[in-house]
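Basis for what follows: all heavy atoms, side chains included, without hydrogens, waters or symmetry-related copies. The sequence lines fix the lettering, A, B, ..., with proteins before strands; numbering per chain opens at 1.
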2 protein chains.
Amino acid sequence: MTATISREQQLNEAEAACLRRGAKLTPLRRQVLDLILASDSPVGAYALLDRLKADRPGAAPPTVYRALDFLLEHGLIHKVERLNAFIGCTESGHGHGHDHDHPHQFLICRRCGATVEIADHAVADAIAAAATRAGFTAVEATVEIEGICARCGTA
Amino acid sequence: MTATISREQQLNEAEAACLRRGAKLTPLRRQVLDLILASDSPVGAYALLDRLKADRPGAAPPTVYRALDFLLEHGLIHKVERLNAFIGCTESGHGHGHDHDHPHQFLICRRCGATVEIADHAVADAIAAAATRAGFTAVEATVEIEGICARCGTA
DNA sequence: GGCGTCACGATATAGTATCACGCGACGTGA
DNA sequence: TCACGTCGCGTGATACTATATCGTGACGCC
Ligand SMILES: [Zn+2]
Ligand SMILES: [Zn+2]
Ligand SMILES: [Zn+2]
Ligand SMILES: [Zn+2]
């Protein structure tokens, strides 16, 4: 399990997921997603724009933001608020496909910048309980944990 | 308990807390903190700047960002990442003073924008446990829960 | 063919945050 | 008393992030 999936394969799965939802993963959107998946840490919109310009000289901020909006909307990527950057969703292709908005948390390494997505039920439950206790109806939660990753901690 | 504290009193407590830490709550910093406490929802840096300009025509972005950095560093305010805005820490004056960096979470109402800080131990513990399980050393966590507040939910 | 929707190009602008330089106030020790 | 370092802040420029607006061509539908 947790076998490494090729980017090509991820893209194809994403395309299929979009079709199931009645949406289209156009070449542009596919390319932006590919650029995000190709990076091992979260990528900023303007970094994407720069890379995009190599292929599409006419690309401008709205070009990339529109693609990002689409990918976010369909759960193919997430935004890391602390970094103003975007990262591919790793919960796809592991059984339950792309939820539109599944509970997730990020572990962000201060030293190397590596950011991994986890989906911890205990955290999600504790958050839901805390919200309820405060008379609050939780819809979604941003959880971004900063610290030192295993690789950097043992080095 | 949880008696309402006047802003004046909060400011004086903040000043005392700074002194204890060997820092100075200068008039400028005090004024920025006052503006933040005066708002019932998180305030953006440029909104603060506009209000600051009434008193200090020369104020510029660095003026407010330097004050914000100081206030953040000393735990007097927090940043709400989802909103790019700042809010006073409500854990002060309730016994344990201003921790430099205490665990906290935000409940952000989608309808009215009201944002309240909570300090739920179960959430903090669940996050610490999840991080440990992943071999990650957590240092601090951003937790921002979006939904509908009690007031808006019952209306 | 007329029409609505959608994806995208293109230009401009808004909103958020930092850099770099300088200067005066203050404390400290020679 | 003076040289020196630190700190707080003024000031101008710049970088970085995100959105508004208008136009146009492709496509599906009737
Ligand atoms: Zn995900
Ligand atoms: Zn690391
Ligand atoms: Zn607080
Ligand atoms: Zn509300």
Side-chain angles (χ1 to χ4, degrees), chain A residues 14-15 18-19 21-36 39 41-74 76-87 113 142 144, chain B residues 14-15 18-19 21-36 39 41-74 76-87 113 142 144:
Chain A
E15 187 149 21
C18 284
L19 277 178
R21 295 169 55 94
K24 283 194 304 183
L25 190 66
T26 64
L28 172 61
R29 292 164 177 172
R30 187 186 177 102
Q31 189 176 357
V32 170
L33 178 55
D34 188 35
L35 287 171
I36 292 172
S39 170
S41 46
V43 208
Y46 281 72
L48 289 170
L49 179 54
D50 284 345
R51 294 174 205 174
L52 205 54
K53 275 180 178 164
D55 261 24
R56 298 174 183 258
T63 311
V64 58
Y65 278 102
R66 283 193 285 234
L68 290 171
D69 285 345
F70 175 90
L71 298 171
L72 286 169
E73 202 175 325
H74 294 285
L76 299 170
I77 64 171
H78 298 296
K79 178 172 184 182
V80 185
E81 299 285 347
R82 287 180 75 103
L83 307 176
N84 292 319
F86 304 85
I87 189 172
T142 297
E144 298 176 0
Chain B
E15 187 149 21
C18 285
L19 277 179
R21 295 168 55 93
K24 282 194 305 184
L25 190 65
T26 64
L28 172 62
R29 291 164 177 172
R30 187 185 178 101
Q31 189 176 358
V32 170
L33 178 55
D34 188 34
L35 287 171
I36 292 172
S39 170
S41 47
V43 209
Y46 280 72
L48 289 170
L49 179 55
D50 284 344
R51 295 174 204 174
L52 206 54
K53 276 180 178 165
D55 261 26
R56 298 174 183 259
T63 310
V64 57
Y65 277 102
R66 284 192 284 233
L68 290 171
D69 285 345
F70 175 89
L71 297 171
L72 285 168
E73 202 175 327
H74 293 285
L76 298 170
I77 63 171
H78 298 295
K79 178 172 184 183
V80 185
E81 299 285 349
R82 288 179 76 103
L83 307 176
N84 293 319
F86 303 85
I87 190 172
T142 297
E144 298 176 0

Rounded to 10°, the angle between the first-five-pair and last-five-pair axes of the helix from C/dG1-D/dC30 to C/dA30-D/dT1 is 20°
Between atom [atom1] of [X] and atom [atom2] of [Y], what is the distance when rounded to the nearest 0.5 Å?
{"X": "A/L19", "Y": "A/L25", "atom1": "CG", "atom2": "CG", "value": "8.5 Å"}
{"X": "A/T26", "Y": "A/F70", "atom1": "OG1", "atom2": "CZ", "value": "7.0 Å"}
{"X": "A/L52", "Y": "A/Y46", "atom1": "CG", "atom2": "OH", "value": "13.0 Å"}
{"X": "A/D69", "Y": "A/H74", "atom1": "CG", "atom2": "NE2", "value": "10.5 Å"}

Residues two or more places apart in sequence or in another chain: which of them pass side chain to side chain contact (heavy atoms under 4.5 Å, CB included) with A/S41?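 Once residues adjacent in sequence are excluded, the partners of A/S41 under the side chain to side chain contact (heavy atoms under 4.5 Å, CB included) criterion are A/S39.
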Does A/F70 or A/P57 map to a spot on DNA chain C nearer the 5' end, using the closest nucleotide for each? A/F70
What pairs of donor and acceptor atoms, side-chain ones from residues 28-36 of chain A against any protein atom, are under 3.5 angstrom apart with sequence neighbours left out?
| residue | atom | partner | partner atom | Å |
| --- | --- | --- | --- | --- |
| A/R29 | NH1 | A/K24 | O | 2.8 |
| A/R30 | NH1 | A/E15 | OE1 | 2.3 |
| A/R30 | NH2 | A/N12 | OD1 | 2.8 |
| A/Q31 | OE1 | A/R56 | NE | 3.1 |
| A/Q31 | NE2 | A/D55 | OD2 | 3.2 |
| A/D34 | OD1 | A/R7 | NE | 2.8 |
| A/D34 | OD1 | A/R7 | NH2 | 3.3 |

Quickly work out the [X] [atom1] to [N] [atom2] distance and round it to whole Å.
{"X": "A/E81", "N": "C/dA17", "atom1": "CD", "atom2": "C1'", "answer": "16 Å"}
{"X": "B/L28", "N": "D/dG10", "atom1": "CG", "atom2": "P", "answer": "6 Å"}
{"X": "B/R56", "N": "D/dG10", "atom1": "CZ", "atom2": "C1'", "answer": "11 Å"}
{"X": "B/D55", "N": "D/dG10", "atom1": "CG", "atom2": "P", "answer": "12 Å"}
{"X": "B/D69", "N": "D/dC9", "atom1": "CG", "atom2": "C1'", "answer": "13 Å"}
{"X": "B/L68", "N": "C/dT16", "atom1": "CG", "atom2": "P", "answer": "12 Å"}
{"X": "A/L52", "N": "C/dA7", "atom1": "CG", "atom2": "P", "answer": "17 Å"}
{"X": "B/L49", "N": "D/dT11", "atom1": "CG", "atom2": "P", "answer": "13 Å"}

Within the sub-3.5 Å range, which N or O atoms of nucleotides 21-27 of chain C have a protein N or O partner, and how far apart are they?
none

In terms of heavy-atom contacts, B/G44 and B/A85 come closest through N-CB, 4.0 Å
Would a distance-only check, ignoring hydrogens and angles, find a side-chain to backbone donor-acceptor pair under 3.5 Å from B/E144 to B/V80? no
Could you list the donor-acceptor pairs under 3.5 angstrom formed by side chains in residues 57-67 of chain B, with sequence neighbours left out?
| residue | atom | partner | partner atom | Å |
| --- | --- | --- | --- | --- |
| B/T63 | OG1 | B/A60 | N | 3.0 |
| B/T63 | OG1 | B/A60 | O | 3.1 |

Could you work out, with salt bridge (charged side-chain N to carboxylate O under 4.0 Å, His left out) as the rule, every residue matching B/R82, not counting sequence neighbours?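 For B/R82, the residues satisfying salt bridge (charged side-chain N to carboxylate O under 4.0 Å, His left out) (neighbours in sequence not counted) are A/E140, B/E146.
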On DNA chain D, does the nearest nucleotide to B/A23 precede the nearest nucleotide to B/G58 from the 5' side, or the other way round? Give the residue. B/A23
For D/dT11, does OP1 or OP2 lie under 4.0 Å from any side-chain N or O of B/T63?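 B/T63 to D/dT11 OP1/OP2: no side-chain N or O under 4.0 Å.
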Letter by letter from the 5' end, nucleotides 12-18 of chain D scores (B base, S sugar-phosphate only, - none; protein heavy atoms under 4.0 Å) B----BB
Check against side-chain contact (heavy atoms from CB on, under 4.5 Å), A/K79 and A/N84: CA-CA 7 Å; A/K79 178 172 184 182; A/N84 292 319; 4.2 Å; yes
